[in-house]
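Heads up: the structure comes next, in structure tokens.
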Amino acid sequence: SQTIHQWPATLVQPVGSPLSLECTVEGTSNPNLYWYRQAAGRGLQLLFYSVGIGQISSEVPQNLSASRPQDRQFILSSKKLLLSDSGFYLCAWSAGFSNQPQHFGDGTRLSIL
Amino acid sequence: GQNIDQPTEMTATEGAIVQINCTYQTSGFNGLFWYQQHAGEAPTFLSYNVLDGLEEKGRFSSFLSRSKGYSYLLLKELQMKDSASYLCAVSNDYKLSFGAGTTVTVRA
């Protein structure tokens with residue numbers, strides 16, 4: 001069966017520091033991969049998605065970037081965090097066809113001080 | 001653009017039925033998904049509709065009318081563990097656009 005791992009679960013970072021969040025998927029090949037952010041009490045905002053290695057689509061202009069160095073690895077990064085980057089970050093995967101359900105990792109709660 | 005609307009909150013009694021409505025106006029449509037999200041946790045997939053009509057999965061059912069841009073999630077025989085946020089999401093190609101979610105509180 002397929003599993004998705006996301007870490008760390010919780011992160012507290014100072015303003016201006018860098019960020020790296022990692023997500024890996026097991027038990028499937030060529031998944032679609034996604035990064036979302038959820039602000040407190042709000043819906044999910046799609047940040048990035050990828051349908052293949054090295055292919056990244058950005059949904060909103062922001063202080064973040066994403067990379068997919070391997071088929072089942074998706075990384076969310078920032079060079080300098082802003083206060084507004086605080087939130088609940090979720091990685092998700094779906095089978096490599098359109099119209100498939102997305103399955104989420106446990107999420108990373110990021111607090112910027 | 002994407003516009004997905006669902007009520008912010010609903011309250012119901014244990015054992016009762018609750019219907020969560022979702023209306024959407026989107027630039028593309030391939031299907032509609034429902035997710036459950038408990039406080040502090042990640043969303044989990046509940047159901048999926050691509051054609052008009054009702055899909056039933058145990059205590060949960062979901063309905064879709066594409067011509068009306070409308071869906072609902074029906075939760076039957078409510079249990080305390082059903083207290084959560086329920087997210088409506090519209091699929092367009094590989095992407096999902098989510099509504100803000102409906103927080104359902106189940107009272108004893």
Side-chain angles (χ1 to χ4, degrees), chain A residues 1-10 21 23 25 30-52 55-60 66 68 74 87-111, chain B residues 1-9 20 22-24 26-52 55 57 60 62 64 66 71 73 84-105:
Chain A
S1 64
Q2 301 88 3
T3 55
I4 179 168
H5 303 280
Q6 185 183 342
W7 66 94
T10 306
L21 301 181
C23 171
V25 180
N30 302 317
N32 295 333
L33 297 172
Y34 305 85
W35 279 111
Y36 290 88
R37 176 170 59 206
Q38 187 174 36
R42 307 285 295 275
L44 275 73
Q45 179 186 35
L46 178 63
L47 301 175
F48 301 95
Y49 71 97
S50 171
V51 298
Q55 188 281 326
I56 307 293
S57 295
S58 174
E59 286 297 293
V60 292
R68 184 171 178 173
F74 207 23
F88 190 39
Y89 287 82
L90 290 153
C91 180
W93 77 273
S94 68
F97 317 102
S98 65
N99 244 7
Q100 296 296 305
Q102 294 180 18
H103 304 280
F104 289 84
D106 290 338
T108 296
R109 198 159 301 281
L110 176 64
S111 298
Chain B
Q2 318 285 48
N3 190 26
I4 300 168
D5 290 317
Q6 47 182 134
T8 304
E9 295 179 336
I20 305 169
C22 172
T23 58
Y24 62 90
T26 55
S27 56
F29 181 86
N30 295 128
L32 191 138
F33 292 82
W34 285 96
Y35 284 81
Q36 181 190 60
Q37 186 177 23
H38 285 100
E41 298 182 7
T44 55
F45 168 66
L46 286 179
S47 71
Y48 167 54
N49 295 73
V50 63
L51 299 174
D52 290 354
E55 293 284 340
K57 241 185 184 184
F60 294 175
S62 57
L64 175 67
R66 288 171 297 170
S71 174
L73 179 70
S85 182
Y86 292 85
L87 310 177
C88 170
V90 172
S91 171
N92 184 14
D93 288 333
Y94 301 106
K95 300 184 291 184
L96 291 181
S97 296
F98 284 85
T102 299
T103 300
V104 171
T105 302

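Just so it is clear: chains get the letters A, B, ... in the order the sequence lines come, proteins before strands, and each one is counted from 1.
Between the CD atom of A:Gln45 and the CZ atom of B:Phe98 there is a distance of 12.5 Å, given to the nearest 0.5 Å.
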Full working for side-chain contact (heavy atoms from CB on, under 4.5 Å) between B:Leu96 and A:Tyr36: CA-CA 10 Å; B:Leu96 291 181; A:Tyr36 290 88; 3.9 Å; yes

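The heavy-atom pair separating B:Ala42 from A:Phe104 by the smallest distance is CB-CB, 4.0 Å. The two residues B:Gly40 and A:Phe88 have their closest heavy-atom pair at O-CZ, 4.1 Å. Taking all atoms of both residues into account, the shortest heavy-atom contact from B:Gln37 to A:Gln38 is NE2-OE1, 2.8 Å.
Only the side chain of A:Leu46 comes within contact range of chain B, judged by heavy atoms closer than 4.5 Å.
Listed by chain and residue number, B:Arg66 satisfy the salt bridge (charged side-chain N to carboxylate O under 4.0 Å, His left out) test with B:Asp52 (two or more places apart in sequence, or in another chain).
Ranking B:Gly31, B:Pro43, B:Gly101 against chain A, the residue ahead of the rest is B:Pro43, based on heavy-atom pairs under 4.5 Å.
Side chain of B:Tyr94 to main chain of A:Ser94: no donor-acceptor pair is present (N/O by atom type, distance under 3.5 Å, no hydrogens or angles).
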